[in-house]
Protein chains: 2
Amino acid sequence: MKIAVVGLGLIGGSMALVLKQKGFATKVYGVDNQEAHTQKALELGIADEITDLNTAVAKADLVILSAPVSVCTVLLPQILDQVKHQIVLDTGSTKTSLLDAVKGHPHRGRYIATHPMWGTEFSGPEAATNDAFHGRANVICNAAESDKDALATVEKLYTLLGMYNVYMEGKDHDVHVAYVSHISHITSFALANTVLEKEKEENAIFELASAGFESTVRLAKSSPAMWMPIFKQNKENVLDVLNEHITQLRKFKSCIEKENWAYLTELMENANKIKHVLDREE
Amino acid sequence: MKIAVVGLGLIGGSMALVLKQKGFATKVYGVDNQEAHTQKALELGIADEITDLNTAVAKADLVILSAPVSVCTVLLPQILDQVKHQIVLDTGSTKTSLLDAVKGHPHRGRYIATHPMWGTEFSGPEAATNDAFHGRANVICNAAESDKDALATVEKLYTLLGMYNVYMEGKDHDVHVAYVSHISHITSFALANTVLEKEKEENAIFELASAGFESTVRLAKSSPAMWMPIFKQNKENVLDVLNEHITQLRKFKSCIEKENWAYLTELMENANKIKHVLDREE
């Protein structure tokens, strides 16, 4: 199958690599507005040919839209305008804006809204890897609005990546990811700023930073160009969770201030329940 | 060298395993007030013999105090009361309380205050591993208050564990670890509570939780019995950092509320600077 990858970053790049390796993609047309990305994608064997968007869509059987979500919202209707038999999927971290942008489009059926729950803190084609996606969930949103043949092909694609498909409405997806992904990024960004702000002696950070610190702050390396549009599109849900998170932090603060060690212990014991969630995941 | 390990958990247990493997420890006397721990430590070859505290101190050349910090503060003066030639070190995550507890003790010189910057979210002797400590910093506090021979032995011990020794005053240590360790645990506990509080459909957490979420919430599995005394002993520093962290989170909140996307991007770009700190560490 001929594939167009629009946005040659971590997700699109990794998808191209794995789909080529599995024999699903016989040719990959790469589209990206950054020349550094297209050059690198050719070098790394992610794309076989670099074209403009219209050419890629015309030549491909399947279009993977893996640009920042703000760009996807603009490009998706344009792509659907040109689509005939082709299948279009996106991999964005927010779904409502995108679904709204193509609601009622005459070719809406050719589009499948997906969100593979995999990523790293790195970005760009050089971050793309064969060792991606496996064992994680892929969310398919509003599946009933997609044509059955297109849906079946996309389900097969994700199964081939080693993912399992989960189905929900876009609105529910956007609430859930605010909890299990977006808030993690905000806390990590804010934690990095906390340490960078207060700690003047950088050597002390460097020498004492433990694996625990690295783990909680890892996502602070993530790309602002990717994350700003996500927080923008998922504003209301992100604010809800952020408010709740600040409330939870204030409980810890209040316990420590008031030396209420019994309640502090209770708060930590409650947090320990996350074990069950994470263990089920493994 | 005969070693007493007081507190047969993750740190004491791992230390015993590695020191035996390296031939530094010829015999390990294990002390723990939990029978489940002593049984397990014998089974796993962490301890060769279980004794009471006084016996272990009398028989050992070196005492490793690796109990929760609240317990260490009580036991350390008692241990120093009995010490003649022996060396005593502790591995606690806070140092000021402990240093204060033995200030001016006639045998103060036999004690070295240390903090190996390694750990996992797991606890108990079953969490102990040979694959511990390597490549991380060990902090030695108020080294000038320790006898030179005792200090030299402890420096050698940590070098043998693959760690590099860093020297500072206990007071500075407690400030630094509030930034690079204690706050990470609080944000992780609070993040777990945020998700557990709001997310009613646990299956959605389970299915959508990505590696990023797992990374930021991992420390929420940590032992409240270990962490409550740390937050208690390091109360003022932890509150300072926690206040700063809440301030940083409020900046993110304010940007999103006011749709100030330029400033939000700036906040994230600033957080990206943590790359340099983490990269120097690798």
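The chains referred to below are lettered A, B, ... by the order of the sequence lines, with proteins before strands, and numbering in each begins at 1. Being a predicted model, the structure only gives us computed values, none of them experimental.
In terms of heavy-atom pairs under 4.5 angstrom with chain A, the leader among B:Ala192, B:Ala178, B:Cys255, B:Ser188 is B:Ala192. When each of A:Glu266, A:Arg250, A:Met117, A:Lys232 is scored by its heavy-atom pairs under 4.5 Å with chain B, the top score falls to A:Lys232. The residue among B:Leu239, B:Val177, B:Leu267 with the most heavy atom pairs within less than 4.5 Å of chain A is B:Leu239. By number of non-hydrogen pairs under 4.5 angstrom with chain A, the leading residue of B:Trp261, B:Trp227, B:Phe231 is B:Trp261. Of all the listed residues (B:Glu259, B:His173, B:Glu236, B:Met228), the one sharing the greatest number of non-hydrogen pairs under 4.5 Å with chain A is B:Met228. The most heavy-atom pairs under 4.5 Å with chain B, out of A:Thr120, A:Asn243, A:Val139, come from A:Asn243. For the options B:Ile183, B:Leu219, B:Val238, B:Asn138, heavy-atom pairs under 4.5 Å to chain A are most numerous at B:Leu219.
With a 4.5 angstrom heavy-atom cutoff, A:Leu191 touches chain B via backbone and side-chain atoms both. With a threshold of 4.5 angstrom between heavy atoms, B:Thr247 does not approach chain A through any atom at all. Both the backbone and the side chain of B:Val241 come within contact range of chain A, with heavy atoms under 4.5 Å apart. Heavy-atom distances place both the backbone and the side chain of B:Glu257 under 4.5 Å from chain A. Residue contact with chain A, scored on non-hydrogen atoms closer than 4.5 Å, involves the side chain of B:Leu264 exclusively. Contact annotation for B:Leu242: only side-chain heavy atoms (C-beta onward) come within less than 4.5 Å of a heavy atom of chain A.
The minimum heavy-atom distance between B:Asn270 and A:Asn193, with the atom names listed, is ND2-OD1, 2.9 Å. Heavy atoms only, all atoms of each residue included: B:Gln248 and A:Ala190 are closest at CB-O, 3.8 Å. The heavy-atom pair separating A:Ala271 from B:Leu196 by the smallest distance is O-CD1, 4.2 Å. When all heavy atoms of A:Leu249 and B:Thr187 are compared, the pair lying nearest together is CD2-CA, 4.2 Å.
With contacts defined as side-chain heavy-atom distances shorter than 4.5 Å, the pair A:Ile256/B:Ile186 qualifies. Side-chain contact between B:Ile274 and A:Phe213 is present, with at least one heavy-atom pair separated by less than 4.5 Å. A:Met268 places none of its side-chain heavy atoms less than 4.5 Å from the side chain of B:His185. The shortest side-chain heavy-atom distance between A:Val217 and B:Ser184 does not fall under the 4.5 Å cut-off. Contact of the B:Leu208 side chain with the A:Ser181 side chain is not registered, since no non-hydrogen atoms from C-beta on lie closer than 4.5 Å.
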Original post:
Stepwise, does the side chain to side chain contact (heavy atoms under 4.5 Å, CB included) test hold for A:Phe189 with B:Asn272?
Top reply: CA-CA 8 Å; A:Phe189 282 125; B:Asn272 280 174; 4.1 Å; yes

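To the nearest 0.5 Å, the span separating CZ on B:Arg218 from CZ on A:Arg218 amounts to 10.0 Å.
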